[in-house]
Every structure is written in structure tokens, then in C-alpha cells.
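Notes for the one structure printed next.
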Amino acid sequence: MPELPEVETVRRGLQPVMEGARILSVEIRRPDLRFPFPPDFVARLTGKRILSLGRRAKYLTAEIEGGPQLICHLGMSGSFRIEEGGAETTPGDFHHERSKLAAHDHVVFHLATPKGRKSKVVFNDPRRFGFMLFSEGPEPHPMLADLGVEPTGNSLDGRLLADLLRGRKTPLKAALLDQTLIAGLGNIYVSEALWRAGLSPRRLAGTVAPRKVGERAERLATAIRSVIADAIAAGGSSLRDYVHADGSLGYFQHSFSVYDREGEPCRKPRCGGTITRIVQSGRSTFYCPVCQR
DNA sequence: AAGTGAACCTGAAGGC
DNA sequence: TGCCTTCAGGTTCACT
């Protein structure tokens, strides 16, 4: 599920519980996810305070007191949920019970939150494409070192986008998925952004702005930023009840303009086209062949 | 160098 | 009901 907006939504949901919290204990319920856990994973977290939670592209980061940075990726199917406890001093509260863990609950953080409560943060990941690693020292972890520009804020403008795409012979769809160019777009939001910009996913990336910047590159940059901003806003509004039902974070109902809408009418006024699904480098792309050129 | 496809793993959904 | 195939929102690695 998780592209940049979902990861940002998860970060915002975890923040009130994790930021400033002390890690009372950590359980890892299998030796690996995508990668083996570091051998000292539990020892280096136990008893430490979480100073801050951050995000880079689709990676969550946690600054650990006096120690490493924890880097976490949700892969395809990773999610967190929060199980709220009572006051830390209340005896017999729910935290003294062994809570039921579900299938694929791989990591459990037992926390004392800044408000003096106990909470559990549980990481669940059926496909195990996710991972947790430590990063040491001032240099960014190699995994984060080559990431491109964030599509949040205003740094990604038409000029920068034109520079990134110029000369590339790969389909525009593939270029936008390249995390070393723009960091955080995934299969859904690439399709959505291209629809907003009225550009075909099959167009060669270099043709967006062959020589000068041009209106096409501006349109695409604006589309990318607005798609991401809208999705983050939608996720944020879903956070009001993030302790809902199972407490899971980052999953909310999207309404997509093209993604997963094969055969349905294009939503652009007076377009009349039909959303089409094609496969590009092994992955589905959805677009309107009439208004996306 | 850049681009494409297969691999990693499990579960859900659809066809028969 | 069950068995089979296909597909899934990410990333990396091997190959052309």
C-alpha cells in the first residue's frame, strides 16, 4: 500500500505515541523480514528514548537517544497499529495482559509514552518486503543516500523536473517511478499524476522538455506535487480516528481518477475516453488514451 | 550507462 | 468445496 503519502500518514499517526516515548522492551517474533534484524537490535533499543520520528521518501526514520537511527520500510504490505494502554501506574490494566497478536505481527514495541501511559506499537507485514535497520553516524545510510528530490514542498518545479528527465529514453512512467530522480512516488500516484498532467505514461521521458523547460514540465511538476499533497491531506483527515477498530494506521479510502479504473469513463469533463490498463516493465499502468498525450 | 525483467513472499480474488 | 492461476501499492539484482 504504502507510497509516500501513506508513509507520511503512518508517521503522523505514530508521532504522538512514539515521539519522546521510552522503549520499555522490544519483541521480534522471527529472525528476519526482508533482511535479518541486526544482531543487537533489541539490546540497542531497550530502555532508550525515541527523540523524533521522520520520513525520507517511503522510509520511516526514528532518532534513538544516544544511539543509532532506526530506518524502517513498509515494503508492499507493512503496517503499524497502536494498542493504547492505561496509566502507567494503574495496576491490572490491559498492559498486564498478554495481548493477542495476529498472524504476521513481527515486531512489538512496548512504550512508556510522554504522557505517562503505556502503549504497544505493533508492526505487521504478511509479505515481509519491509525491514528495520540501523543507520550509524552522520552519513546517510546507503539505502537513503541515492534518493532523489521529495515531491513535497516546492523544490520540485518545472525546471528541476525538466533537468531530471532530459535525455531519458525510458517511458515517462518508469522515470517517475525511479526513486533516484523523484523519491516517494509509487505505482498509484504516478498514474494519477500523469492523468492530472494530461501526459501519456508511454511518452519517452526526455520528450517532456526536450530543450527548454516548457509548459509540459511545469504542468507535470504541478500535477505531481498536488497529487501528493492531496493524498497526504486525505490521510491526515483519516487520522482523527486512528485508534479506530484495530488501530491500524495509514489505510484510508482513496478515490482515484485512473488507478484500478480500467474500462470506466475518464473523469475529465467532456473527454469521453475510457480508462485503459497497460503493462509497463511488468507493472500495471492506468491512463486515458484520449486526454493523455 | 541505461533500461528491462525476474526474484523476493504471502494472501486475495477469480475461473473451472 | 477445492484447486489452480493471476495479481498486488516496493526494491534489488542480473542481464542485455
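Model, not experiment: these values are computed from the prediction. Basis for what follows: all heavy atoms, side chains included, without hydrogens, waters or symmetry-related copies. Numbers restart at 1 for each chain; the letters A, B, ... are given by sequence-line order, proteins then strands.
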Whole-Å distance between [N] [atom2] and [X] [atom1]?
X        : N      : atom1 : atom2 : value
A/Arg127 : C/dT11 : CZ    : P     : 13 Å
A/Leu144 : C/dT12 : CG    : P     : 10 Å
A/Asp260 : C/dC7  : CG    : P     : 13 Å
A/Asp105 : B/dG11 : CG    : P     : 13 Å
A/Leu60  : C/dT11 : CG    : C1'   : 16 Å
A/Arg56  : C/dG10 : CZ    : P     : 16 Å
A/Gln179 : C/dC13 : CD    : P     : 15 Å
A/Lys58  : C/dT12 : NZ    : C1'   : 13 Å

Distance between [atom1] atoms of [N] and [M] (Å, rounded):
N      : M      : atom1 : answer
C/dT6  : B/dA6  : P     : 13 Å
C/dA14 : B/dC9  : P     : 16 Å
B/dA1  : C/dT11 : P     : 23 Å

Checklist line | Smallest separation among heavy atoms of A/Val149 and A/Leu160, with atom names | finding: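 So the minimum-distance heavy-atom pair works out to CG2-CD2, 4.0 Å.
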Any side-chain N or O of [X] less than 4.0 Å from the OP1 or OP2 oxygen of [N]?
X        : N      : answer
A/Tyr189 : C/dG9  : no
A/Ser284 : C/dA8  : yes
A/His104 : B/dC9  : no
A/Arg283 : C/dG10 : yes
A/His73  : C/dT11 : yes

Margin query: Taking side-chain hydrogen bond (donor to acceptor under 3.5 Å, both in side chains) as the criterion, tell me which of A/Lys173, A/Glu192, A/Gln280 meets it with A/Asn187.
Written below: A/Lys173
Next item on the list: Calculate, to the nearest 0.5 Å, the distance between atoms OG1 and NE2 belonging to A/Thr61 and A/His73 respectively.
Entry: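 Separation between the atoms: 12.5 Å.
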Per [X] side chain, nearest of listed nucleotides [options]:
X        : options               : answer
A/Arg277 : C/dG9, C/dC7, C/dT12  : C/dC7
A/Asn187 : C/dG9, B/dT10, C/dT12 : C/dG9
A/Ile188 : C/dT12, B/dG11, C/dG9 : C/dG9

Note to self: Should A/Phe129 be counted as stacked on B/dC8, where stacking needs a ring-centre gap under 5.5 Å and an angle between planes under 30 degrees?
What the structure shows: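 Stacked: centres under 5.5 Å apart, planes under 30°.
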Next item on the list: If C/dG9 has a Watson-Crick or G-U wobble mate with both distances under 3.5 Å, name it; if not, just say none.
Entry: none
Item checked: Complementary nucleotide of B/dA2, counting Watson-Crick and G-U pairs under 3.5 Å ->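 Across all strands, the one nucleotide that pairs with B/dA2 is C/dT16.
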Note to self: Applying a 4.0 Å non-hydrogen cut-off, can you work out what A/Arg34 is touching in the nucleic acid: base, sugar-phosphate, or nothing?
What the structure shows: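 Base, at least one base atom sits under 4.0 Å.
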Next item on the list: Tell me whether the guanidinium CZ or amine NZ of A/Arg44 lies under 6.0 angstrom from the six-membered ring centre of A/Phe134 and within 45° of its axis.
Entry: yes
Next item on the list: Spell out, as yes or no, whether a donor-acceptor pair under 3.5 Å connects the side chain of A/Glu65 to the backbone of A/Arg49.
Entry: yes
Item checked: A/Arg128 bridged to A/Asp125 by N-O distance under 4.0 Å ->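 The answer is no: the pair does not qualify as a salt bridge.
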